[in-house]
Engineer: 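Pasting a structure below so you can have a look.
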Amino acid sequence: MRSYIIKRLLAAIPVLLGVTLLTFLISHAIPGDPAALIVGPKASKEAVEAIRIEHGLDKPLPIQYLRYMNGLLHGDLGQSIRNHRPVLRDLADFFPATLELTLASLFLCLAVGIPLGILAAVYRNRLADHITRIISVIGVSTPVFWLGLMLLLLLYRNLGWLPGSGRLDITSTAPPGITGLYTLDALLAGDLGLFWEALRHLILPAFCLSYVYLAVMTRIVRSSMIAALGQDYIITARAHGLSAGRIIFKHAFKNSLIPTITIAGLSFGELLGGAILTETIFSWPGMGKYVVDSITTLDFPAIMGFTLVASTAYVGINLCVDILYALLNPRIRY
Amino acid sequence: MGFETHQGPAHVLDRVSLAVQKGEILGLVGESGCGKSVLARSILRLIPSPPGVLLGGQILFGDQDLLKLSEKSMRALRGQQISMIFQEPMTSLNPVFTIGHQMREVVRTHKPMTKAQANAFCCSMLATVRLPDPDNVLQRYPHELSGGMLQRVMIALALACNPALLLADEPTTALDVTVQGQILAILSELATAQNLAVIFVTHDMGVVAQLCHRVAVMYAGQLVEEALVHDLFAQPAHPYTQGLIASIPGQTPGQLQTIPGSVPSALQPPSGCRFHPRCPKSTGHCALHTPQLLTVADQHKVACHQAHNRASV
Amino acid sequence: MTAPLLTLDKVCKRFLVRKNFFGSGRRWLTAVDQVSLVVHQGETLGLVGESGCGKSTVGNLIVRLLAPDSGEIIFDGRNISTLSGQALRAARAKMQIVFQDPYSSLDPRMSVGAIVALPLRVAGLYQGTLLRERVISALAEVGLGEDSLERYPHEFSGGQRQRIALARALAVQPAFVVLDEPTSALDVSVQAQILQLMAELQARHGLAYLFISHNLNVVRHVSQRTAVMYLGAVVETGSTEDLFTSPAHPYTQALLASVPVADPRQRQNLARLKGDVPSPLDLPPGCGFHPRCPLAFDLCTKEAPQWVRIAPGHEVACHLHQ
Amino acid sequence: MPYLILASATKSTLPAWVRELGLTLRILSRNPSAVLGGMIIMTMAFLALAAPFIAPYDPIMLSLPDRLQSPGSAHFFGTDELGRDIFSRILYGARISLTIGLLVVGVAGITGSLIGAVAGYFGGVIDNVIMRCMDVILSFPALVLALSLAAAMGPSLVNAILATAVVMIPKFARLVRGEALAIREMPFVAASRVAGAGHLRIIFRHILPNCLNAAIVLATLTLGDAILIAASLSFIGLGAQPPTPEWGAMIASGRKFLMDQWWYATFPGLFILVTVIGFNIFGDAVRDVLDPRIRR
């Protein structure tokens, strides 16, 4: 098993190289004038020229790539045009908020999506299945940003049940930073009031973000459960007199998990993409909001830095998923 | 033991009546799609409904009607008193659990045993089907064993609780000839030893001739002939059975006898005798009237107008 | 005696099996090991063996869907084992193949007419109405009417599809056809029809067949000569009559004895061999059959047996006969 | 089951694909969700085509006196901050969204399918190189890659469409490659090779036609995603620019007025939702009919 994990880690290296190559090409080869993008729209001609020389943008692309990689290895993702801070430091500041949001959404998805998917598969073509199907079709068809706005309109403006923006009330101060997740940090600090406040702020964005992903999750669980329930070994298990509960929750579910986690890992990309929009709507100070703000100010280095970090995270998640897959599936254990 | 069923809307089984005694191996023969597997599965009520609907009839196990049992008592029966082995040993076991895990689970469902007891019991079961190194086999996953070995595991599992009836659904079709021989030998030996009633579903007349005591021939969802194995091969009464035996190659040199046409669809079976469009002896009467399954000689029943006429003359 | 139509001389084929995704633990699977065979004009050679013994690979090597690693394949006086491109196309114009599964051997997206016409089109032999007529006559030969031209494979039953596959093979008027388990997927009653049809076509066109099958009864019925394969190697060849009545190799003997005879008066001991067919990944040393052979002795585990002629045209590779 | 029976019952002289299309449509017409999805799509297509005739107002022209009016008989869906009729803008927006969807799926579908067929058919090094490139694209979250591509090319609708298409290509390439890998092992391909057929003939005669169903299913299912991604790009300011009446862009400007003028952002979103639902349920139904194997 250990050798499998090591091999899997090694196999991720070319993928990451590919990711850096593509990010490099997007930032250096696609734009008409990369230098102009790096300095920003308000810069003078001379400043553009200076940057061109300074960043070696007049050199051939392969050499530029080496420079770029060298920078990356030293943690240099470029400098933000807006505040002239290193992009990496900005992203690091915003990272915990995004992590808190995505983890909360992931939890919601799994907690609701898996039972719902099983329910739909077991009661296939009955009422429970139809209701689940309607919920999930609406889920995959809803524009996240619009859903967020509608939630704000209803639960914040009209009903006033939940706060509509930020991670805490404006007047509150953040709990002492240990994990960077306010809910967790507040609990660690023993401040239940603050925990409740952070949780209330988290609910709307987390629900908004999870809904799309939840729909995808439900569909996968449903279809892989149906596939598993149609296998010969299910009939064998029935012929051996095992109970329906055992057959569904043990025999079929463990098999259905194998395709489920693969696709769940792939769909994590949708969660990351959705985070961009959700954070924007709910003024959630995470990387997603940061990148949209960067787009408004045409802060190109910030955009590319975010792209790289988000993709690396995505590759990392799928790496974990692969390892989990090997743990669940005896057929590919080495 | 006896049963009598028919299913719809595509009448996969039409008024099939059969009986098996203790210690007897009954061969159920027919070509693909004739309903022989469906029949075997309906006995254990494994046909999902929808789409399968049992329109009528009864399945008597001893004096219990299986069709009237609750799902719970049915479950207690499955694996315990009636068990089943299947055609594809490779897919009949759950790929993500070890053989031992799955065997123990079944054994402990039916018998109060500790894990260690169950393990020892499974080991002894594997030994009775002559699997070498049972301890090791228990720790393996299904994909690590060959088809022949898996089929032995399936047999061991099926016989673990000393059932009274074993349903074998083409258990050797997916195996090589030399391995098939081994499996058939084990089955026949264990059936005798445990005084089992076996329903052996197959399309291979050779296997039937070698293994079974009695044979039932099915065609397009209906039973067309039933006889002791010697009588069936010596004096097949139904033209379909005759054709089936004559079209086995390698029997006699020279021309191979053929049955013209192909197996009809279960959705639109022919009228009257379902075999009449392919039958060399059919008359106008056959197209209109469905023949009954009637006794023509001792323990020999056939559903054919011509055979009935001959018998009554 | 005239020169044989097809000769295989010590043909070998190995496959690289990547044990895992990263290519480490590479192993070779020996599918065909030193196989020599001869097929004469107008005869049927049966090739029998259990699954995984390499018999289908032999068929694929002959029609050059695969290239042999070593050895020679001589067809119609030409060595075709190393040909490629245009030369190969020309050389195999006289050979065709029919596969086991009548459902996947016909492109579901092509009409029957287009399927049968494709080899003729590729060969550039016929065009327009001539092509159409040729296709119709090929279909007529296998008992299918002109109305089947515009229909699609899924509208036909298994037996009819196998007729279409035969029509496609025969359209280019080959001298030799590889029949790779052509009736295994069919019901007994339909199988008999197809066997009958193939015999008629052979008689009419003087075709030579290599009939690959795991079904000994069928091979006995159709072939004049038979070769038995085990684990990639041919272990015995001879006239069908000799081989079935006096099998010389212990494997052939066991194989024949394991076939259930459709006669309840002759009950056999079916369990003649112990164990399973070993994986072609780890070939046993010496004679490949020795781990399962009831008669194996010391030499069998060390040395591969040589070919011995025990009767005219009947040869066996077994130490017992040395 | 009914598929086969119907097929053998039709014996006409029409070309095969017409027969098959007819058959598919007939089966779809018996599937309620296909009918619902189809009706939604057709309604949207009709609104898009007939926009100039139905729309009560000009979608671009300003009318400052009418600004931010709530929905009523004069303006069904109210007006925006420049006094433009939101209903009229939504109708014209349908044209943009449907065009985006079709363009993205067309470009990505054709490019991706060809790439996939070549990779799957030839296998080996060619396959490896192509699929590793696809893997790199797939290791970016879709919206993130589309966003950075669009940012690099500069904010415009055309660039947003291109960026979305690039993101979708690997989906088609993967699917078609998988199919091609299976098809090239089919005996009918072997039979053609024995008959002497070359690579091109096999790719175009066997591989691509047999991938068609799967690709069409994926295309139908992707249409909705494409519309969503493009709308998201417009929403964050990288797609359609003002005054283009694109739905995502409309929601973006409506966001500022959310708390007091709810209608502004609500109606365009409702139309995205309904359109995408239409494509998704139609796509699901097409998948059930054409290809029961692909599951998501």
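So that the names make sense, note that chain A is the first sequence line, chain B the second, and so on, each numbered from 1.
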Engineer: Could you walk me through whether D:Arg255 and A:Thr280 satisfy the side chain to side chain contact (heavy atoms under 4.5 Å, CB included) test, starting with their C-alpha distance in whole Å, then the side-chain angles of each, then the deciding distance to 0.1 Å, before giving a yes or no?
Structural biologist: CA-CA 11 Å; D:Arg255 191 186 155 205; A:Thr280 308; 3.6 Å; yes
Engineer: Identify the two heavy atoms, one from A:Leu277 and one from D:Leu143, that lie closest to each other, and give their separation to 0.1 Å.
Structural biologist: CD1-CD2, 3.8 Å
Engineer: Out of A:Val292, A:Leu272, A:Leu22, return the one with the most heavy atom pairs under 4.5 angstrom to chain D.
Structural biologist: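 Ranked by heavy-atom pairs under 4.5 Å with chain D, first place is A:Leu22.
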Engineer: Between D:Leu147 and A:Ile295, is a side chain to side chain contact (heavy atoms under 4.5 Å, CB included) present by the stated rule, with each step listed?
Structural biologist: CA-CA 9 Å; D:Leu147 174 154; A:Ile295 288 168; 3.8 Å; yes
Engineer: Could you go step by step and tell me if D:Asp135 and A:Val15 meet the side chain to side chain contact (heavy atoms under 4.5 Å, CB included) rule?
Structural biologist: CA-CA 8 Å; D:Asp135 283 352; A:Val15 177; 5.6 Å; no
Engineer: Look at atom CZ of D:Phe76 and say whether more than 12 heavy atoms of other residues, nucleotides or ligands are closer to it than 6.0 Å.
Structural biologist: no
Engineer: When you compare the side chain of A:Phe145 with that of D:Ile251, does any pair of heavy atoms fall below 4.5 Å?
Structural biologist: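 Counting from C-beta outward, D:Ile251 and A:Phe145 do come under 4.5 Å.
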Engineer: Using a cut-off of under 4.5 Å for heavy-atom pairs, which of A:Val137, A:Ile30, A:Leu308, A:Leu149 has the most such pairs with chain D?
Structural biologist: A:Leu149
Engineer: Of all of D:Ala142, D:Ala231, D:Ser232, D:Ala265, which one pairs up most often with chain A through heavy atoms under 4.5 Å apart?
Structural biologist: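 Highest number of heavy-atom pairs under 4.5 Å: D:Ser232.
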Engineer: Heavy-atom pairs under 4.5 Å with chain A - which of D:Ile227, D:Ile137, D:Thr266 has more of them than the others?
Structural biologist: D:Thr266
Engineer: Which heavy atom of A:Gly269 sits nearest a heavy atom of D:Pro141, and at what distance?
Structural biologist: O-CB, 3.4 Å
Engineer: So what's closer than 4.5 Å to chain A heavy atoms on D:Phe140: side chain, backbone, both or neither?
Structural biologist: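 Contact with chain A involves both backbone and side-chain atoms of D:Phe140.
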Engineer: Considering only heavy atoms from C-beta outward, does the side chain of D:Val144 approach that of A:Ile276 to under 4.5 Å?
Structural biologist: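 Yes. Closest side-chain heavy atoms under 4.5 Å.
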Engineer: Name the member of D:Leu270, D:Val274, D:Thr275, D:Ile229 that forms the most heavy-atom pairs with chain A at distances under 4.5 Å.
Structural biologist: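 Result: the option with the highest number of such pairs is D:Leu270.
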Engineer: Residue by residue, which of residues 236-244 of chain D have a heavy atom closer than 4.5 Å to a heavy atom belonging to chain A?
Structural biologist: D:Ile236, D:Leu238
Engineer: What residue, out of D:Ile281, D:Leu145, D:Asp284, has the most heavy-atom pairs lying under 4.5 Å from chain A?
Structural biologist: D:Asp284
Engineer: What is the minimum heavy-atom distance between A:Ser141 and D:Leu228, and which atoms define it?
Structural biologist: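 Closest approach of A:Ser141 to D:Leu228, heavy atoms only: O-CD2, 3.9 Å.
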Engineer: Quick check: do D:Phe235 and A:Ile281 have side-chain heavy atoms less than 4.5 Å from each other?
Structural biologist: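 They are in side-chain contact.
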Engineer: Give me the atom names and distance for the closest heavy-atom approach of A:Ile26 to D:Ser148.
Structural biologist: CG2-O, 3.6 Å
Engineer: Between D:Leu138 and chain A, with a heavy-atom cut-off of 4.5 Å, which part of the residue counts as in contact: side chain, backbone, both or neither?
Structural biologist: backbone
Engineer: Please state whether the side chain, the backbone, both or neither of A:Phe268 comes within less than 4.5 Å of a heavy atom of chain D.
Structural biologist: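 Neither the backbone nor the side chain of A:Phe268 comes within 4.5 Å of chain D.
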Engineer: Which side-chain N or O atoms in residues 152-159 of chain D pair as donor and acceptor under 3.5 Å with protein atoms at least two apart or in another chain?
Structural biologist:
from     : atom 1 : to       : atom 2 : distance (Å)
D:Ser156 : OG     : D:Asn159 : N      : 3.2
D:Asn159 : ND2    : D:Met153 : O      : 3.0
D:Asn159 : ND2    : D:Gly154 : O      : 2.9

Engineer: Tell me, for A:Ile138 versus chain D, whether the close heavy atoms (under 4.5 Å) come from the side chain, the backbone, both or neither.
Structural biologist: both
Engineer: Please give me the minimum heavy-atom distance between D:Ser139 and A:Val19, naming the atom from each residue.
Structural biologist: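 Of all heavy-atom pairs spanning D:Ser139 and A:Val19, the closest is OG-CG2, 3.5 Å.
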Engineer: Flag yes if more than 12 heavy atoms outside D:Phe257 fall under 6.0 Å of its CZ atom; otherwise flag no.
Structural biologist: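 Buried by this count: over 12 neighbours within 6.0 Å.
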Engineer: Please state whether the side chain, the backbone, both or neither of A:Val291 comes within less than 4.5 Å of a heavy atom of chain D.
Structural biologist: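 Contact with chain D: side chain only.
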Engineer: So, taking the atom named CD1 in A:Ile134 and the one named OG in D:Ser33, what distance separates them when rounded to the nearest 0.5 Å?
Structural biologist: 10.5 Å
Engineer: Measure across D:Ala151 and A:Ile303 and return the closest heavy-atom pair with its distance rounded to 0.1 Å.
Structural biologist: CB-CD1, 3.9 Å
